[in-house]
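Notes to accompany the following structure.
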Amino acid sequence: MRVAASIRAADVNVLVARMQDDIAGFAIMRYGDDDAHLDLLAVAPRYRRAGVGRQLLAWLEKCAVVAGIFSIGLEVRAGNDGAQLFYQRMGYRTTDQLPGYYQGIEAALRMSRDLSCRPSDPRIRGVQY
Ligand SMILES: CC(C)(COP(=O)(O)OP(=O)(O)OC[C@H]1O[C@@H](n2cnc3c(N)ncnc32)[C@H](O)[C@@H]1OP(=O)(O)O)[C@@H](O)C(=O)NCCC(=O)NCCS
């Protein structure tokens, strides 16, 4: 199972956000030598738009910076407008269009953030310096 393998992997952080006894959100980031990849990020519907996703991503970005990694990449479904707006707000920019990325059918956007640059837009709410 992908999540179990991620928990065991030395180069992966698996992060859970809890609200009392509920799991509110979940994120997996894989760290390479020069860059990191966000494998998964999801917030339970009832906890969305409350800053959970932002805090999960910011925590994982801080780990990357501490490890000397300043580039984060991810893929998001081309039709997932909400997630794209979320990532844009976190300072991510679209770098590629990937037709057929999901099961050869659905397109993805590749997005990335350069953590070595202080965001020029004060509304960016990912990792701060
Ligand atoms: C994308 C997702 C992780 C965002 O998590 P979240 O906890 O709701 O996000 P936050 O509350 O931290 O949002 C921070 C900011 O991002 C933006 N944002 C988040 N979701 C948004 C949406 N659906 N539409 C527009 N902007 C959005 C807003 O600017 C928001 O700030 P605001 O609420 O003060 O306006 C969540 O919607 C989710 O789990 N979606 C389903 C799974 C998914 O698509 N995962 C990503 C796959 S790559």
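For ligands, and for the atoms within them, numbers begin at 1 and follow the listed sequence.
- For His37 and Asp39, the side-chain atoms include at least one donor-acceptor pair closer than 3.5 Å.
- For ligand 1, one of its N or O atoms has an N or O atom of Val43 under 3.5 Å away.
- Near Gly53, meaning under 4.0 Å from one of its heavy atoms, ligand 1 places the atoms 5 (O), 6 (P), 7 (O), 12 (O).
- Using a 4.0 Å cut-off between heavy atoms, Asn80 contacts ligand 1 through its side chain alone, with no backbone atom that close.
- Distance check: Arg113 CZ to Leu57 CG gives 8.0 Å after rounding to the nearest 0.5 Å.
- If you check each of Leu38, Leu41, Leu40, Leu85 against atom 25 (C) of ligand 1, the one with the closest non-hydrogen atom is Leu85.
- Annotation for ligand 1: atoms under 4.0 Å from non-hydrogen atoms of Glu75 are 48 (S).
- No continuous path of ILVMFWY side-chain contacts below 4.5 Å connects Leu41 to Tyr101, so the two sit in separate hydrophobic clusters.
- Short contacts between ligand 1 and Val52, defined as distances under 4.0 Å to a heavy atom of the residue, involve ligand atoms 7 (O), 12 (O).
- By the criterion of a heavy-atom distance under 4.0 Å, the side chain of Arg89, and not its backbone, is placed next to ligand 1.
- Checking only distances, Ala83 never comes within under 3.5 Å of ligand 1, N or O to N or O.
- If you chain together hydrophobic residues whose side chains sit under 4.5 Å apart, Trp59 and Met19 fall into the same group.
- Inclusion of Ala42 in the set of residues having an N or O under 3.5 Å from an N or O of ligand 1 is not warranted.
- Note: no N/O pair closer than 3.5 Å links Val76 and ligand 1 by distance alone.
- Contact atoms of ligand 1 toward Arg54: 12 (O) (distance under 4.0 Å to a heavy atom of the residue).
- In the vicinity of Gly51, heavy-atom distances shorter than 4.0 Å reach the ligand 1 atoms 10 (P), 11 (O), 12 (O).
- Contact check for Phe70 versus Val65: side-chain heavy atoms found under the 4.5 Å cut-off.
- In this comparison of Arg77, Met90, Gln88, Arg49, the heavy atom closest to atom 14 (C) of ligand 1 sits on Met90.
- The option from Tyr47, Phe86, Tyr87, Phe26 that lies nearest to atom 16 (O) of ligand 1, judged by heavy atoms, is Phe86.
- Taking every heavy atom of Ala50 and a limit of under 4.0 angstrom, the matching atoms of ligand 1 come to 11 (O).
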